[in-house]
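Report on the following structure.
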Amino acid sequence: MSSFDKIRTRIAPSPTGFLHLGTARTALYSWAYARHHGGEFVLRIEDTDVARSTQDSVDQIIAAMNWLGLNYDEGPIYQMQRLDRYQAVIDQLIAQGKAYRCYATPEELTEMREAQKARGEKTLYDRRWRPEPGKVLPTPPEGVKPVVRFANPIEGDVTWDDVVKGPITINNREIDDLIIARTDGVPTYNFAVVVDDWDMRISHVFRGDEHVNNTPWQINIFNALGAPLPSFGHLPIILGDDGLKLSKRRGAVSVMDYAANGYLPEGMLNYLARLGWSHGDDELFSAEQMISWFDGTHLSKSPAQWDPAKLDWVNGHYVKQIEEGRLAALVVEQLAAKGIAVTAAQVQPKVGLFKDRCATVAALAEWLLMYFAPVTPSSDELAAHVTDAVRPALAALAERLAGVTDWTKANIQQALKETLTAAGLKMPQLAVPVRVLVCGRAQTPSLDAVLEHFEQKKVLERLQSL
């Protein structure tokens, strides 16, 4: 591991919104890589965008990490609590001639860029305030607060072997002297991230490939500081089901939105893992299995496509698999969000009957809603199924069910059979209208099993409601 004594990875979200799915996938890969190698995983909050950072966003990020089960060994570490450290490093770079103060005004920089465009040149800072041998700098103008710029190497290439993309080379002439501290002294992203990764001994950096163009600057700053270089792995973007990049501004891409909508952390982690990584043909696997397999290989270089149907399939697998007591507790939360107060003891006997039909806990809660809240059959289903021809049989069934003293599946089934025989009907002719009246829908699992979980009184009230 060269200069590093152990594998250390990090996730460093900006608290300007929720933890979105792309960052969650990056966090998962970083976490799994550290765990695979017996290393450590760090949570850092990059909150130097003071105007847009909020405590609510911090809280949501931490809640999402906890929900996903991505436990971190250090953190959360906040950049705004490290300003003195950044300033000390900036002072060091200035003293060494590796950074300098720039007094160019926004107007001057605009004029510079316009002139470069007119000449057909790439718009780069012209280094007018960069100290060089034999160069006479202007007198700093009064009333202008300077930024600090990094004295980027002018010649040569920056090359690194990307964990995902392979070798990448960018010439230093393609990049300029970036600002590393604003006029208020707050460091910029590309500088603070280097100091943080250096101080926190980060050995491997996984992040989105929108950061590829930042990497040459960061490598040059690492080198200027004499700091060990981490390995970089830039992950392709995730495309939405419309083919456009997932983003905070498009669609429900908050991790906690999915939690609220009844997805399980096991399902989300399993699905996110496969959005850019594979282990043979395995589609369904636990977090423990992923840790054992995730060695940094088999990461895709191509964008992944978000597929809601595939997510539902994966999540449905875990809805069927998890312990029913936990599933019941999650259903209670879903029903509480609808204003329905029930207990897990009321819910748990029913979940096994419906869970195989459900991709999410929210869908399961929708099924169970009929037991705890009034149902309103649609007028179309009432007209189609609760006809004058079947009403006498419904009345007869209600009478037989009223006489059942032991409310069990077997006794309910017996009442149904006796009613069918007396009325000369087949089971669907009676079962479907019963479902519509009692359950509010025409399709359910086996009718006797469904009715067994109702209070007898409620079944009779709904059968006699028309």
Side-chain angles (χ1 to χ4, degrees), residues 11 13 17-33 60-61 64-65 67-70 164-165 206-211 233-291 293-294 296-322 327 330 334 354-367:
I11 189 66
F18 45 74
L19 187 76
H20 63 84
L21 297 170
T23 303
R25 182 189 65 171
T26 303
L28 171 59
Y29 289 175
S30 302
W31 173 82
Y33 190 77
Q60 288 194 48
I61 288 167
M65 294 287 288
W67 179 72
L68 289 168
L70 301 180
V164 179
K165 296 178 176 296
F206 292 94
R207 57 191 181 190
D209 64 2
E210 67 270 20
H211 289 288
H234 291 90
L235 305 166
I237 62 173
I238 301 174
L239 301 175
D241 52 5
D242 55 4
L244 300 176
K245 179 184 176 182
L246 282 179
S247 72
K248 292 182 182 180
R249 296 174 177 83
R250 292 185 50 260
V253 293
S254 162
V255 169
M256 295 312 290
D257 280 351
Y258 284 89
N261 289 332
Y263 288 84
L264 297 172
E266 297 96 326
M268 183 58 71
L269 283 182
N270 191 155
Y271 180 71
L272 283 174
R274 290 288 285 111
L275 284 179
W277 171 79
S278 62
H279 181 267
D281 295 327
D282 292 293
E283 291 286 354
L284 298 168
F285 44 81
S286 66
E288 290 73 23
Q289 287 174 304
M290 183 185 181
I291 288 170
W293 298 335
F294 196 89
T297 61
H298 305 291
L299 287 163
S300 174
K301 298 179 182 181
S302 304
Q305 183 87 36
W306 185 262
D307 183 349
K310 180 70 173 291
L311 171 61
D312 283 354
W313 175 77
V314 172
N315 199 73
H317 166 78
Y318 290 100
V319 169
K320 298 175 182 66
Q321 295 296 319
I322 70 168
L327 191 57
L330 293 171
Q334 288 287 327
F354 300 96
K355 65 179 183 179
D356 287 355
R357 297 170 174 251
C358 300
T360 67
V361 181
L364 180 54
E366 282 294 327
W367 273 106

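Atoms considered below: every heavy atom in the structure, side chains included; atoms not considered: hydrogens, waters and symmetry mates. Everything quoted here is computed from the prediction, not taken from an experiment.
- Taking all atoms of both residues into account, the shortest heavy-atom contact from I238 to G22 is CD1-CA, 4.0 Å.
- In terms of heavy atoms, Y29 sits closest to A273 at OH-O, 2.9 Å.
- Side-chain contact between W313 and L284 is present, with heavy atoms from C-beta onward closer than 4.5 Å.
- Here the two rings, on W277 and F285, have centers that are under 6.0 Å apart.
- For the pair S30 (side chain) and T26 (backbone), a donor-acceptor distance under 3.5 Å is present.
- To the nearest 0.5 Å, atoms CD (E366) and CD (Q334) are separated by 9.0 Å.
- The two residues Q289 and S286 come nearest to each other via the heavy atoms OE1-N, 2.8 Å.
- When all heavy atoms of W31 and I291 are compared, the pair lying nearest together is CH2-CD1, 3.6 Å.
- Taking the six-membered ring for Trp and the full ring otherwise, W306 and Y271 have centroids separated by under 6.0 Å.
- Side-chain atoms of Y318 and V361, non-hydrogen and from C-beta on, never get closer than 4.5 Å to each other.
- Within the model, atoms CG of L235 and CD of E210 stand 9.0 Å from one another, a figure rounded to the nearest 0.5 Å.
- Separating the NZ atom in K310 from the CG atom in D312 is a distance of 12.0 Å, to the nearest 0.5 Å.
- Results of the side chain to side chain donor-acceptor pair (under 3.5 Å) test with H234 over K165, H211, R207, K301 single out R207 as the only residue that passes.
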Go through Y263 and V255 one step at a time and tell me if the side chain to side chain contact (heavy atoms under 4.5 Å, CB included) criterion holds. CA-CA 10 Å; Y263 288 84; V255 169; over 6 Å; no
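- Scanning all heavy atoms of the two residues, the minimum distance from N315 to G267 falls at OD1-CA, 3.7 Å.
- Nearest heavy-atom pair, S300 versus V164, reported as atom, atom and distance to 0.1 Å: O-CG1, 3.5 Å.
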Yes or no on side chain to side chain contact (heavy atoms under 4.5 Å, CB included) for H298 and W293, after CA distance, side-chain angles and deciding distance? CA-CA 10 Å; H298 305 291; W293 298 335; over 6 Å; no
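- Of the inter-residue distances, the one linking R274 atom CZ with L269 atom CG reads 14.5 Å to the nearest 0.5 angstrom.
- Between the NZ atom in K320 and the CG atom in L364 there is a gap of 10.5 Å [rounded to 0.5 Å].
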Output, in order, the C-alpha distance, side-chain angles, deciding distance and verdict of side chain to side chain contact (heavy atoms under 4.5 Å, CB included) for Y258 and L311. CA-CA 11 Å; Y258 284 89; L311 171 61; 3.7 Å; yes
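- For the pair I61/T23, no side-chain contact is recorded, criterion being any heavy-atom separation below 4.5 Å from C-beta on.
- To the nearest 0.5 angstrom, N270 atom CG is 9.0 Å from M290 atom CE.
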List the steps and the verdict of side chain to side chain contact (heavy atoms under 4.5 Å, CB included) for N261 and T360. CA-CA 8 Å; N261 289 332; T360 67; over 6 Å; no
